[in-house]
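Lettering of chains follows the sequences in order, A, B, ..., and the numbering in each one begins at 1.
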Protein chains: 4
Amino acid sequence: MHDESAAIRPEDPTLTPRVKGRPRSTTADDAILAAARSLLADGGWAGLTMGDVAARAGVAKTTLYRRWHSKHDLAIAAVAEMLGTLHLPDRGADLRADIEDVVRRFAALLGRPEMRTALMGLVADSTSDPALRRRIREEVVNPQKRLVVEGRARAEARGEITAPGDIDVDLIFDVIAGTVVQHVLVSAEPAGDTWVDRFTTFVVAGLLT
Amino acid sequence: MHDESAAIRPEDPTLTPRVKGRPRSTTADDAILAAARSLLADGGWAGLTMGDVAARAGVAKTTLYRRWHSKHDLAIAAVAEMLGTLHLPDRGADLRADIEDVVRRFAALLGRPEMRTALMGLVADSTSDPALRRRIREEVVNPQKRLVVEGRARAEARGEITAPGDIDVDLIFDVIAGTVVQHVLVSAEPAGDTWVDRFTTFVVAGLLT
Amino acid sequence: MHDESAAIRPEDPTLTPRVKGRPRSTTADDAILAAARSLLADGGWAGLTMGDVAARAGVAKTTLYRRWHSKHDLAIAAVAEMLGTLHLPDRGADLRADIEDVVRRFAALLGRPEMRTALMGLVADSTSDPALRRRIREEVVNPQKRLVVEGRARAEARGEITAPGDIDVDLIFDVIAGTVVQHVLVSAEPAGDTWVDRFTTFVVAGLLT
Amino acid sequence: MHDESAAIRPEDPTLTPRVKGRPRSTTADDAILAAARSLLADGGWAGLTMGDVAARAGVAKTTLYRRWHSKHDLAIAAVAEMLGTLHLPDRGADLRADIEDVVRRFAALLGRPEMRTALMGLVADSTSDPALRRRIREEVVNPQKRLVVEGRARAEARGEITAPGDIDVDLIFDVIAGTVVQHVLVSAEPAGDTWVDRFTTFVVAGLLT
DNA sequence: CAGTAACCGAGACGGTACGTCACGTCTTTCT
DNA sequence: AGAAAGACGTGACGTACCGTCTCGGTTACTG
């Protein structure tokens, strides 16, 4: 299981904490990430300015760059932190309820402007930057596949599915994540109850056939 | 039927062209769009620089801005032109073949760097710019829904489906477009035969249930 | 004879003025130089900040850098402009009066803070930058030797000296310029009548022996 | 007689050294001054960076600032230490020989890059900093006037001059120091035998008239 | 012979200036 | 009136150095 919070704390989260020199301010980290989220919400991807982040966090620009080497690094940390809050509570229901739940939660997350601007800004820049794409995949996207894995395990435990190997985690993940993004961000329509219901039906049909 | 080429020609698509003064160079338009595509392919979204476009097109920046009012306008035109090439040839086959075909073609389009960088760049900027999002939806995204509409009509004609009203064009479109984008651009894996086959199976299952 | 104003106007003072494109604002040049002098007077060499110069001149930083490529370039232009005002009026007097006059004028120039800070700032930086030293020598220092040459010519015309070849222009210049700088800037004492008189006597003695 | 070494040892030259606590490392002082000189020689005034001095001296920045409160303090110490080596050996010769000797030695000192960059850097900064100018005058410049005073005393002892009051120590000092600086640093020409000879002749003429 | 006060190294911190780059507008002459 | 050229104001970038601070740890005198 991935530790999806790995990317949030900057640099080397080594187990042996630094012993030499003045330790880094732990409050600064949070202030910076909060400032970054706030600016993303206010001004979109272009509004995420290193200078403004520093100013709003009450921190010098150098302090910011000491922790995150670029705008991309900072955005990844902010996104990863927000995605880390995604959980799949076991409500004892069926597979369909689990899927509906994750769709709803993911759509709600994309409804937050700081989330969608950061996520799409990163994806956009990554289209011509393989290294960035790799980092996003490993630190942002892949950790979320745990939700699908977990849902599959529950369905199997409930006896809803018998051959878990038939379920392609990556495909299901791409279908859910991609469709929700497309619907919410590109088609720009709300993920209301009706839509969630129809989409869930679609996914369940694909899964159980 | 939408006229998806509307966005390609710049500015005022008035039917009565200007009569006074020197007419606009018609070759410039193509040179500019070609230069834009070339720069997008070379340097990604950040490489699409108005100054560089003008230089590579052998044109003054003034000329460029006279046709498209901003980088976004230009990118939309470039993207729309490329998307206009998407067609769904009627090969007399079944629904599954049509879906597989459109998946493959869309994936191929996203394989072109100038396409994916422009598309994602626009989507990213649109997350905090409702006007831009609206333009993208109307001039770039919605026109492609014709493929789904057309496929549905063929399936009906073939008798594969009986109640076309049961098919939600928007949902199917979001599933196909979103999943392919997620797979190709985010997960960064090729849309090979195996994947296309599995995904098509999934979609058909959802459709025919 | 050098054209000591050559360095003031930036870049290529080509005889065929630019014909293509928007011409450079001529008022900006003066505003920038005035701002530079003003900042030098206010805050010394460290106060000469490219950003502040631009702001005070009511001009963008880019405009400033388009004309002068560095702080050094700008300072040279400012110094050269001020030194260009040094003249030796022919008052029909004798050699001693001419020397006294030039000493007094040069000391007065060094009394202006914008002059002394720029001059010393440049000289200081030039101690480890041969290219800069060369530029200062050619565009700032050497042109002033005209004063010595002219004084010698007048003295010869008056019959005060018979063998002009015996007068080493470079040595006399170094003695006068160096001593005045040392007295005014390092020893930090005013160049009052008494001092000017004593120094002039010293120089004349050295000259006529 | 001035104690020209006063400035070299840092901070509080109190006669009662601190008694409590760990005493300061005596080797650090020399290591720092050596590092400072070395950096001045390598990179000029701009190369004298407090961080680099500390690093090259193998010392923490704290240690450095505990001894000298600023870059200026450190540079003054380095310059004073170097100037302290200027001496005027009594070679039993005449006034002219003494002058020639001091000119040559001073020129040689200015030939060392660490000397000229530090000296000019300080003078430059002092043009807009009266306090700094005062310190330089008192701790760097004035102590060197001992050479002129001493030379005058010898000349008087030899009977070369009869009225020592006629010799203006400050003026002579400014002429010699200023002219040599101007020649070596600004005109950037070597102080070869010919030049030293001509300049000495000039000074002696001024002195004995 | 234990306390303690000043030292030391390391390095984080808030500032400030640097010189570059792209945006989208403007001003000029030429076609 | 369009086109080419390029200057213009604006504002962000990431780097470097300043002088201060905050750590843990190290001497040597003192009580």
Side-chain angles (χ1 to χ4, degrees), chain A residues 17-26 28 46-55 57-71, chain B residues 18-25 28 46-55 57-72, chain C residues 17-26 28 46-55 58-71, chain D residues 18-25 28 46-55 57-71:
Chain A
R18 297 236 178 303
V19 281
K20 311 183 87 171
R22 176 177 174 175
R24 290 199 179 155
S25 160
T26 52
L48 183 66
T49 284
M50 297 306 259
D52 287 356
V53 170
V59 139
K61 231 180 355 157
T62 42
T63 298
L64 202 161
Y65 276 105
R66 205 172 285 119
R67 290 165 161 73
W68 292 282
H69 299 320
S70 68
K71 185 171 167 167
Chain B
R18 282 171 187 62
V19 281
K20 306 184 69 173
R22 176 175 173 178
R24 288 191 182 162
S25 160
L48 183 66
T49 286
M50 297 305 260
D52 288 357
V53 170
V59 141
K61 261 203 299 179
T62 327
T63 302
L64 201 163
Y65 275 103
R66 202 173 287 119
R67 288 162 163 77
W68 293 280
H69 296 323
S70 67
K71 182 170 169 170
H72 289 152
Chain C
R18 296 234 179 305
V19 283
K20 311 183 85 171
R22 176 176 175 175
R24 291 198 179 155
S25 161
T26 51
L48 183 67
T49 284
M50 297 305 259
D52 288 355
V53 169
V59 139
K61 230 179 358 156
T62 43
T63 298
L64 201 162
Y65 277 105
R66 204 172 285 119
R67 290 163 160 74
W68 292 282
H69 300 321
S70 67
K71 185 170 168 170
Chain D
R18 280 174 190 61
V19 281
K20 308 183 71 173
R22 174 177 176 176
R24 289 193 182 158
S25 160
L48 182 66
T49 284
M50 295 306 260
D52 287 357
V53 170
V59 141
K61 261 204 299 178
T62 326
T63 301
L64 201 163
Y65 275 103
R66 201 173 288 119
R67 289 160 162 75
W68 294 280
H69 296 323
S70 68
K71 185 170 166 169

_Please report the interatomic distance CZ(C:Arg66) to OG(C:Ser25), rounded to the nearest 0.5 Å._
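Interatomic distance, C:Arg66 CZ to C:Ser25 OG, rounded to 0.5 Å: 11.0 Å.
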
*Can you tell me how far OH of D:Tyr65 sits from OG of D:Ser70, rounded to the nearest 0.5 angstrom?*
7.5 Å

_Among E:dC7, F:dA5, F:dG9, the nucleotide that comes nearest once only the side chain of B:Ala60 is considered_ =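 The listed nucleotide nearest to B:Ala60's side chain is F:dA5.
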
*When you check every protein heavy atom under 4.0 Å of nucleotides 19-24 of chain E, what one-letter string (B, S, -) results, 5' to 3'?*
BBBBSB

Residue pair [X] / [Y]: nearest heavy atoms and the distance that separates them:
X	Y	result
D:Val59	D:Leu64	CG1-N, 4.2 Å
D:Ala60	D:Ala54	C-CB, 4.0 Å
C:Trp68	C:Met50	O-CE, 4.4 Å

If the cut-off is 4.0 Å, is [X] near the phosphate of [N], judged by side-chain N/O to OP1 or OP2?
X	N	result
A:Arg24	F:dC21	no
A:Thr63	E:dG14	yes
B:Arg67	F:dA3	yes

*How would you label the contact of C:Gly47 with the nucleic acid (heavy atoms, under 4.0 Å): base, sugar-phosphate, or nothing?*
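Since no nucleic acid heavy atom lies under 4.0 Å of C:Gly47, the category is nothing.
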
*Look only at the side chain of B:Thr49 and the backbone of B:Gly51, and say whether a donor-acceptor pair between them is shorter than 3.5 Å.*
no

Using whole Å, what does the distance between atom [atom2] of nucleotide [N] and atom [atom1] of [X] come to?
X	N	atom1	atom2	result
D:Arg66	E:dC8	CZ	C1'	7 Å
C:Lys20	F:dA5	NZ	C1'	7 Å
C:Arg22	F:dG6	CZ	P	14 Å

_Heavy-atom nearest nucleotide on DNA chain E for A:Val59 versus D:Val59: which residue maps closer to 5'?_
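Mapping each residue to its closest nucleotide by heavy atoms, the 5'-most match is D:Val59.
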
